[in-house]
Number of protein chains: 2
Amino acid sequence: MPPRQTELSDAELEVLKALWDLGPTSVREVMNHLHAQGRELAYTTVLTFLTRLKAKKYVTSKKSGQAYIYKAKVSREKVTGSRLSSLIEQLFDGASAPLVLHLVQSNKLSSDELGELRRLLNDLDDRDDQAPGVGEGR
Amino acid sequence: MPPRQTELSDAELEVLKALWDLGPTSVREVMNHLHAQGRELAYTTVLTFLTRLKAKKYVTSKKSGQAYIYKAKVSREKVTGSRLSSLIEQLFDGASAPLVLHLVQSNKLSSDELGELRRLLNDLDDRDDQAPGVGEGR
DNA sequence: GACGAACTACGACGGATGTAGTAGCTTGTT
DNA sequence: AACAAGCTACTACATCCGTCGTAGTTCGTC
């Protein structure tokens with residue numbers, strides 16, 4: 001039997017995000033953090049998610065006194081990148097460009113952000129030295 | 001009781017995408033299209049998804065002879081936009097900018113695509129003439 | 001040393017999802 | 001008219017997901 005299911009569910013992600021925000025901490029602290037954001041979950045529910053996150057290897061835990069301290073094992077960037085890739089795969093068959101254009105056109109960026117983007121593009125332009133492994137992901 | 005569940009599941013989306021690709025068509029054609037992409041689903045499975053899509057109002061159908069012809073009722077853009085918003089909400093608390101920057105930096109865009117993006121930015125620039133101070137976004 | 005508070009382990013439960021089988025209706029072809 | 005092929009409706013079922021409740025353990029306090 002291969003490990004049951006290793007993907008992050010939405011609710012699990014919420015809990016993981018709390019862990020990223022807080023750093024290594026206890027079930028109770030995570031719960032408090034969620035409550036502070038208006039997410040009312042029972043203590044045992046949070047515990048369940050943390051347990052599942054541990055089973056799926058997204059967090060580790062070590063006992064400290066009576067309780068466990070949970071710690072994120074994967075970075076926010078990693079998870080973010082991977083979720084994003086899935087979405088791009090799903091919606092645009094793997095091509096990032098349509099997504100970027102869509103976002104830029106959607107008028108959701110402030111002038112500052114547009115400026116930042118322009119700057120970034122110029123930088124890229126300069127060092128356009130054929131990065132290896134363009135890895136055509138398809 | 002509000003209608004059970006109105007969200008698109010992943011598998012349902014795959015089927016809906018086939019409908020977008022093909023235009024109004026039959027279960028069998030949808031199935032063939034999916035098979036052509038290496039997605040081997042039983043005829044009745046495809047039928048199930050189309051039925052669920054109909055229940056969730058993402059498609060309509062009308063009988064044509066013995067079989068039904070299914071037709072997408074929501075546009076690709078609409079669904080794409082909404083899925084994207086959810087992701088942005090989930091991962092970046094609603095801010096699009098970090099996502100755009102992330103994508104541009106990830107080196108997944110071709111020179112052509114970067115060019116296109118630059119062009120788009122220039123257009124936007126023209127029509128949005130604002131000299132913003134150091135306005136802090138969020 | 002018994003009590004209550006806090007913690008964890010485990011089980012549970014209804015609804016969603018992915019996937020498909022079966023049965024029965026329809027229709028073109030012998 | 002009887003059949004085979006194709007179509008839909010309905011049912012099924014394992015797993016996942018979101019959400020907790022309960023029970024048992026541990027530890028600090030009267």
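In what follows, chains carry the letters A, B, and so on, assigned in the order in which the sequence lines appear, proteins first and then strands, with residues in each chain numbered from 1. Note that this is a predicted model, so its numbers are computed, not measured.
Contacts of B:Ser106 classified as side-chain contact (heavy atoms from CB on, under 4.5 Å), with partners at least two apart in sequence or in another chain: B:Lys108.
Look at CG on A:Leu8: it is 10 Å from P on D:dC17, rounded to the nearest Å. Straight-line distance from the CD atom of A:Glu40 to the P atom of D:dC20: 9 Å, rounded to whole Å. Distance NZ (A:Lys63) to C1' (C:dT8): 7 Å, rounded to an integer number of Å. Rounded to whole Å, the distance from OH on A:Tyr70 to P on C:dC7 is 11 Å. Rounded to whole angstrom, the span from the CD atom of B:Glu12 across to the C1' atom of C:dT17 amounts to 8 Å. Atom NZ of A:Lys62 and atom P of C:dC7 are 16 Å apart (whole Å). Computed from coordinates, the B:Leu34 CG to C:dG18 P distance equals 13 Å when rounded to whole Å.
With distances taken from any side-chain atom of A:Leu41 to the nucleotides D:dG6, D:dA9, D:dC20, the minimum falls on D:dC20.
Contacts between residues 45-58 of chain B and DNA chain C, defined by a heavy-atom separation under 4.0 Å, are made by B:Thr45, B:Thr48, B:Phe49, B:Arg52, B:Lys56. Residues of residues 16-33 of chain A having a heavy atom closer than 4.0 Å to DNA chain D: none are found.
Residue A:Arg39 is the one, among A:Gln66 and A:Arg39, whose nearest nucleotide of DNA chain D lies closer to the 5' end (criterion: closest heavy atom). Residue A:Ala42 is the one, among A:Gly65 and A:Ala42, whose nearest nucleotide of DNA chain D lies closer to the 5' end (criterion: closest heavy atom).
Within 4.0 Å of B:Thr44, counting heavy atoms only, lies at least one base atom of the nucleic acid. If you check every strand for non-hydrogen atoms under 4.0 Å, A:Tyr43 touches a base.
No side-chain donor-acceptor contact under 3.5 Å links B:Glu29 to the backbone of B:Ser26. Side-chain atoms of B:Lys62 never come within 3.5 Å of backbone atoms of B:Ile69 as a donor-acceptor pair (strictly under, hydrogens ignored). A donor-acceptor contact shorter than 3.5 Å links the side chain of A:Arg83 to the backbone of A:Leu8. Judged by distance alone, the side chain of B:Tyr58 and the main-chain N or O of B:Thr6 form a donor-acceptor pair under 3.5 Å. In this structure, B:Lys57 contributes its side chain and B:Lys73 its backbone to no donor-acceptor pair below 3.5 Å.
Dashed line: the shortest gap from a side-chain N or O of B:Gln5 to OP1 or OP2 of C:dT17 is under 4.0 Å. The shortest distance between the side-chain N/O atoms of A:Arg4 and the OP1/OP2 oxygens of D:dC17 is not below 4.0 Å.
With a 4.5 Å cut-off on side-chain heavy atoms, B:Val27 and B:Tyr70 count as touching. At least one side-chain heavy atom of B:Leu117 sits under 4.5 Å from a side-chain heavy atom of B:Val104. Residues B:Asp21 and B:Arg76 have side chains in contact (heavy-atom distance under 4.5 Å, counting atoms from C-beta outward).
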